[in-house]
Amino acid sequence: MIEMSQTSSASLRRLVVAIAIGAIFPGLVTAQDAEAPAAPERIDLTNFPGELVDKVVVPIPAEIFAVLDKLDEPDWNSGIQLPDANDRGGERSLLALTFGSLVAEGFIAVQAKNAGEIEKIGKRVLDLSESLGLASSVRPHSLAIIEASKNRDWGKVRDELDATQQTVRVTMEKLRDDELSGLVSLGGWVRGTYVVTSFISGSYSEDKAELLNQPGLIAHFREMISSMRGPSASAPAIRAIATGLARLEAIIAGSGNLSEEDVNQLRDISRTMLEEFYFSKTAP
Amino acid sequence: MNPRPRTAAIACAVLLALGGAAYAFVNEAISMALEAAVPYVEQGFEVREDNWSGEVEPGKPLLIRHQLFRGNEYWFWAGTSWPGATIKVDIFDNEGNSVGLESFAKNSFAGVRALPQKTATYFIRVVASYEKTGKGMTKAERGANEPVDGVGEFTGVLDWGLVYGYR
């Protein structure tokens, strides 16, 4: 009942703002303005007469989770694996990767509607942002995440998690730390991939496995790592992650449909990558 | 009304509508794209914080790669803030086939909807156009104010922004 009331309140607020905008600016678009295209068009991607935009926007884990929820009923609570806070020496590249993974952990906890875990993650996000020197930018988001989870406003929590990651990435880019910004995205993507492969391994279907068909994103991350400069580029953890990405790419690029065995391998490789900066290493 | 405060006011309203997220600065083309997204947020689309933006010569097509997942429904919204400029957006699969199910283009903003048939990389084409010169612009297109010392004069490039939402 509480959740319904708060959801209604948020929707009402959005609707009021939208109506107000429409009233002030009557020329604005409405959902009904859309039309079906007249005739299908085809373009030659190998000879495109324009400019290819370099920027890659990495999907947030929630986009994949939304599909998984439509195909199955995963036990999202079992996917939450918030590790103990660990000290890996304050290396900024590892902190950036960890930050991305923590935000992804938050997305998993939102799917589970687990307010307690979201609160813990919100606090950990803030602690980590202090280590990165970005606490002042992150604090409002962290507080909003905790507040929204207490109100069980899951849409708002998702928005704030996305905003947190975006704020950190934009701030890093302003500080000319583009490499760190990319690592935040990579950390989130690897954590998301691990939980998705874990669920698909548990109840395999080709439809679910198709979600892992992301060769463009893997190529983007590989290129990003290979273009890194400075001491981080040769750090053992970064080299291990580069190797992991190459292994993931070999599996995804090598087969039309991913088999159950392929998915198991993707799960194990992404786990190994996460053990370089997020999870504790499993005993051999 | 001067277009800059107007756009900034719209941006604030839209950002509020999208859940109170705040940017450190306002990108006017992104604000226009978010403006186009508002009716769809009401339909349950979650709009991403990350986006694409920049400047481009009028009429020069831009191609943006993006990973989509079968099972989700997507809307892409494009905007430009230059008075009198127009913008269009389309989406293609990795073989160059148009996959937009519906679309709109209304002056400063446009949108296209897609329901991917497979999980893959897709290509979004954005074209911003502007045909009028400073003398050909109406007072409204100039933003009601006369250009002062080059302010408001067309410099040869248009701003553009692209955002997307999924459900």
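By convention in this document, chain letters (A, B, ...) are assigned in the order of the sequence lines, proteins followed by strands, and residues within each chain are numbered from 1.
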With a 4.5 Å cut-off on heavy-atom pairs, point out which of [options] contacts chain B the most.
options	result
A:Ala62, A:Pro215, A:Ala66	A:Ala62
A:Arg158, A:Arg169, A:His220, A:Lys55	A:Lys55
A:Val58, A:Leu52, A:Asp44	A:Leu52
A:Leu211, A:Asp54, A:Thr46, A:Val56	A:Leu211
A:Thr171, A:Leu217, A:Asp162, A:Thr164	A:Asp162

Checklist line | Inter-chain contacts: residues 177-188 of chain A against chain B, heavy atoms under 4.5 Å | finding: none
Item checked: Close side-chain approach of B:Trp160 and B:Leu62, heavy atoms under 4.5 Å -> yes
Please classify the contact of [X] with chain A as side chain, backbone, both or neither, using a heavy-atom distance under 4.5 Å.
X	answer
B:Trp77	neither
B:Gln67	both
B:Arg113	neither

State, without any angle test, whether [X] and [Y] hold a side-chain donor-acceptor pair at a distance under 3.5 Å.
X	Y	result
B:Thr121	B:His66	no
B:Asn72	A:Lys70	yes
B:Asp159	B:Ser81	yes
A:Glu210	A:Asn257	no

Item checked: Other residues, nucleotides, ligands: >12 heavy atoms within 6.0 Å of A:Glu173 CD -> yes
Next item on the list: Please indicate whether B:Lys60 has more than 12 foreign heavy atoms, meaning atoms of other residues, nucleotides or ligands, lying under 6.0 Å from its NZ.
Entry: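 Yes, NZ of B:Lys60 has more than 12 neighbouring heavy atoms, counting only those of other groups under 6.0 Å.
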Notebook entry, point to check: Would A:Glu260 and A:Lys208 pass as an ion pair if we require N to O under 4.0 Å?
Noted result: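 Salt bridge absent between A:Glu260 and A:Lys208.
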Note to self: Testing the basics here: between A:Ile251 and A:Leu258, what is the closest heavy-atom pair and its distance to 0.1 Å?
What the structure shows: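 Closest approach of A:Ile251 to A:Leu258, heavy atoms only: O-CD2, 3.9 Å.
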Next item on the list: With a 4.5 Å cut-off on heavy-atom pairs, point out which of B:Arg70, B:Glu95, B:Glu57, B:Lys118 contacts chain A the most.
Entry: B:Arg70
Next item on the list: Please confirm whether A:Phe199 and A:Trp76 have ring centers closer than 6.0 angstrom.
Entry: yes
